Amino acid sequence: MPELPEVETVARSLEQQLLGRTIVGLAKLDWPRMLMPPAPDFAALVAGRRIEAIGRRAKWLLLTLDGGWTLAIHLRMSGHLLVAEPDAANAPHVHFALDLDNGRRLIFDDQRKFGRVHLLDRHGLAMLDAAHGPEPLAEAFTPALLAEQLRNRRAPIKALLLDQRLIAGIGNIYANEALWLARIHPLTPGGALAADHIAELYRAIRNVLAEAIANQGSSLRNYRDGYGRRGSQQEHFNVYDRAHEPCPRCQTAIERIVVAQRSTYFCPQCQLFVRWPT
DNA sequence: CATTACCTGCAA
DNA sequence: TTGCAGGTAATG
């Protein structure tokens with residue numbers, strides 16, 4: 001469920017609640033496979049550690065602990081994290097919780113159980129970082145870098161945008177929305193895009209993600225921030241989940257196809273398909 | 001490369 | 001009952 005804007009919103013909303021807190025210990029774990037290392041080691045390693053920073057890399061939420069450890073949490077499809085009173089850990093889909101030194105708990109609620117909680121040392125964190133492409137909102141991400149990532153790639157641009165090794169943090173919603181904004185057909189081979197298309201796509205990606213962060217992300221079903229609040233970006237979708245509705249630009253009916261095994265929404269009139277040059 | 005698997009719940 | 005959901009890892 002959460003993509004870059006949602007994870008960023010969670011990180012920001014947890015910062016005031018977690019910064020400087022000390023983890024007392026593991027309060028709940030009823031789905032062991034989400035955890036790494038396994039529970040006994042994990043519990044011994046996190047107990048007594050202070051939370052020194054809260055950040056994000058790609059769709060991973062990163063809690064920097066003392067001693068060089070990082071708690072890396074991935075929400076996958078249905079996870080949400082929040083800080084709440086201890087009895088909130090009894091809710092039906094809470095599979096993991098940590099006791100904090102102020103009597104509250106960091107609670108991981110995850111209906112579909114795809115989420116992950118990994119305790120990483122410095123090397124593990126470096127591996128996680130190296131597995132992902134550039135952060136699209138960072139200074140270092142430029143149109144030239146995007147062009148380089150797409151060069152010679154014959155896969156559909158939609159599939160490439162979802163590939164975390166190329167660009168970090170884009171998921172199904174924002175890939176659809178960015179391609180609509182840039183007026184690019186989702187099946188266009190990435191390497192077929194000319195420099196001006198790439199410049200448009202670059203701006204579209206940054207605008208879409210920044211706007212979504214400003215609106216605290218998209219809450220379609222499970223997504224909530226670290227206080228349990230919904231986002232509002234879902235009220236601003238132009239194409240996502242809008243099959244048969246009129247394109248906001250040209251009124252043509254939005255179509256749904258499947259690309260990279262994911263629902264893909266686009267306007268067949270104003271999103272241009274570029275053929276691979278022969 | 002594209003399928004399939006991992007899970008649960010909800011709407012068609 | 002089937003298909004689908006904001007994601008990725010593991011298979012052929």
Side-chain angles (χ1 to χ4, degrees), chain A residues 1-11 29-36 56-61 72-81 91-96 108-118 127-133 136 152-180 186-187 189-191 205 208-209 211-213 215-226 229-244 255-265 276:
Chain A
M1 120 221 274
E3 308 182 24
L4 184 155
E6 289 75 30
V7 181
E8 182 68 27
T9 302
V10 172
L29 177 67
D30 74 358
W31 190 249
R33 40 206 290 197
M34 74 189 304
L35 210 59
M36 197 197 73
R56 177 192 60 74
R57 172 75 171 108
K59 299 172 192 171
W60 287 89
L61 190 77
I73 302 175
H74 202 301
L75 304 173
R76 292 285 184 95
M77 290 291 263
S78 59
H80 52 134
L81 268 181
H93 300 298
V94 172
H95 305 301
F96 170 86
F108 192 2
D109 182 300
D110 185 15
Q111 182 180 94
R112 294 178 72 180
K113 301 178 175 173
F114 292 164
R116 294 294 180 262
V117 177
H118 291 181
M127 299 287 284
L128 183 150
D129 184 56
H132 294 88
N152 293 330
R153 300 295 302 254
R154 299 181 95 105
I157 183 63
K158 166 80 190 299
L160 296 174
L161 290 179
L162 293 176
D163 187 339
Q164 303 298 299
R165 296 167 301 184
L166 291 187
I167 309 168
I170 300 175
N172 202 34
I173 291 178
Y174 302 114
N176 278 293
E177 294 293 321
L179 288 170
W180 180 84
L187 289 175
I205 289 168
V208 159
L209 297 175
E211 185 194 26
I213 291 172
N215 288 317
Q216 286 79 240
S218 302
S219 289
L220 297 182
R221 43 192 81 207
N222 302 293
Y223 171 70
R224 300 292 185 275
D225 77 3
R229 302 177 298 205
R230 296 168 59 86
S232 64
Q233 184 62 24
Q234 68 281 2
E235 296 162 20
H236 304 284
F237 292 162
N238 288 297
V239 286
Y240 183 80
D241 201 21
R242 301 183 68 101
H244 314 305
E255 288 185 12
R256 175 188 178 276
I257 59 175
V258 174
V259 181
Q261 290 73 245
R262 313 298 302 278
S263 281
T264 300
Y265 303 90
W276 188 264

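These figures come from a predicted structure and were not determined experimentally. Computation of the quantities below employed the complete heavy-atom set of this structure, encompassing side-chain atoms and omitting hydrogens, waters and symmetry-equivalent molecules. In the text below, chain A, chain B and the rest are named by the order of the sequence lines, each starting its count at 1.
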To the nearest Å, how far apart are [X] [atom1] and [N] [atom2]?
X	N	atom1	atom2	result
A:W60	C:dG7	CH2	C1'	11 Å
A:L220	B:dC10	CG	P	15 Å
A:Q164	C:dA9	CD	C1'	13 Å
A:L4	C:dT8	CG	P	11 Å
A:N172	C:dC4	CG	P	13 Å
A:M36	C:dT8	CE	P	16 Å
A:L128	C:dA9	CG	C1'	15 Å
A:M127	C:dA9	CE	C1'	15 Å

Quiz item: Got more than 12 heavy atoms from elsewhere within 6.0 Å of CZ, A:R165?
Solution: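 Count not over threshold, so no.
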
Self-check item: Neighbour count above 12 (heavy atom, 6.0 Å) for A:M127 CE
Solution: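 No, the 6.0 Å shell around CE holds no more than 12 heavy atoms from other groups.
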
Considering only nitrogen or oxygen atoms on both sides, find all protein atoms under 3.5 Å from nucleotides 10-12 of chain C and state each distance.
none

Quiz item: Going from CG on A:L75 to CG on A:D110, what distance comes out if it is rounded to the nearest 0.5 angstrom?
Solution: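 Separation between the atoms: 7.5 Å.
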
Quiz item: Nearest 0.5 Å, what's the CG-OG1 distance between A:L61 and A:T9?
Solution: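 Going from CG on A:L61 over to OG1 on A:T9, the span is 11.0 Å.
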
Practice problem: Could you check A:I257 against A:L187 for side chain to side chain contact (heavy atoms under 4.5 Å, CB included), going step by step and ending with a plain yes or no? | Solution: CA-CA 10 Å; A:I257 59 175; A:L187 289 175; 3.9 Å; yes

Quiz item: Hey, what's the ring geometry for A:W60 with A:H118, parallel, tilted or perpendicular (30° and 60° as the breaks)?
Solution: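 Tilted: the ring planes of A:W60 and A:H118 meet at 30° to 60°.
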
Quiz item: What pairs with A:R57 under side-chain contact (heavy atoms from CB on, under 4.5 Å), at least two apart in sequence or on another chain?
Solution: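 With sequence neighbours excluded, A:R57 shows a side-chain contact (heavy atoms from CB on, under 4.5 Å) to A:L62, A:L128, A:D129, A:H132, A:E135, A:A168, given in chain and number order.
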
Quiz item: What residues, two or more places apart in sequence or in another chain, satisfy side-chain contact (heavy atoms from CB on, under 4.5 Å) together with A:Q261?
Solution: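 None.
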
Distances for protein N/O vs nucleotides 5-8 of chain B N/O pairs under 3.5 angstrom?
residue	atom	partner	partner atom	Å
B:dC6	O3'	A:R33	NH2	3.1
B:dC7	OP1	A:R33	NE	3.2
B:dC7	OP1	A:R33	NH1	2.2
B:dC7	OP1	A:R33	NH2	2.8
B:dC7	O2	A:R112	NE	2.9
B:dC7	N3	A:R112	NH2	3.2
B:dT8	OP1	A:K113	NZ	2.9

Practice problem: Specify the residues of residues 156-163 of chain A, ordered by number, for which at least one heavy atom lies under 4.0 angstrom from an atom of DNA chain C. | Solution: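 Output list: empty, so none.
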
Practice problem: Decide yes or no on side chain to side chain contact (heavy atoms under 4.5 Å, CB included) for A:K113 and A:R33, but give the supporting numbers first. | Solution: CA-CA 9 Å; A:K113 301 178 175 173; A:R33 40 206 290 197; over 6 Å; no

Exercise. With P as the reference atom in both, quote the distance from C:dT11 to B:dC7 in angstrom, rounded to an integer.
Key: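 It works out to 14 Å between them.
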
Exercise. Only one of A:L161, A:I205, A:V239 passes side-chain contact (heavy atoms from CB on, under 4.5 Å) with A:L179; say which it is.
Key: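 Of the listed residues A:L161, A:I205, A:V239, the side-chain contact (heavy atoms from CB on, under 4.5 Å) partner of A:L179 is A:L161.
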
Quiz item: Mind checking whether A:F108 and A:H95 have side chains closer than 4.5 Å, heavy atoms only?
Solution: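 Sidechains of A:H95 and A:F108: no contact.
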
Exercise. For A:R256 and for A:R262, find the nucleotide of DNA chain C with the closest heavy atom, then tell me which residue's nucleotide is more 5'.
Key: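 Comparing both residues, the 5'-ward one is A:R256.
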
Self-check item: Side-chain donor-acceptor pair present, A:Y174, A:E6, cut-off under 3.5 Å
Solution: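 Yes - a donor-acceptor pair under 3.5 Å links their side chains.
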
Quiz prompt | CA sep, side-chain torsions, deciding dist, call: A:I213, A:Q233, side chain to side chain contact (heavy atoms under 4.5 Å, CB included) | solution = CA-CA 8 Å; A:I213 291 172; A:Q233 184 62 24; over 6 Å; no

Quiz item: Distance-only, no hydrogens or angles: does the A:E177 side chain make a donor-acceptor pair with backbone N or O of A:Y240 under 3.5 Å?
Solution: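 Yes, because the side chain of A:E177 sits within donor-acceptor range (under 3.5 Å) of the backbone of A:Y240.
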
Practice problem: Would you sketch DNA chain C in dot-bracket for me? Only Watson-Crick or G-U wobble pairs with both distances under 3.5 Å count, crossing pairs as [ ], other-strand pairs as |, the rest as dots. | Solution: |||||.||||||

Quiz item: Is the shortest side-chain N/O distance from A:Q261 to OP1 or OP2 of B:dT3 below 4.0 Å?
Solution: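 Answer no for this pair, as no side-chain N or O of A:Q261 is under 4.0 Å from OP1 or OP2.
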
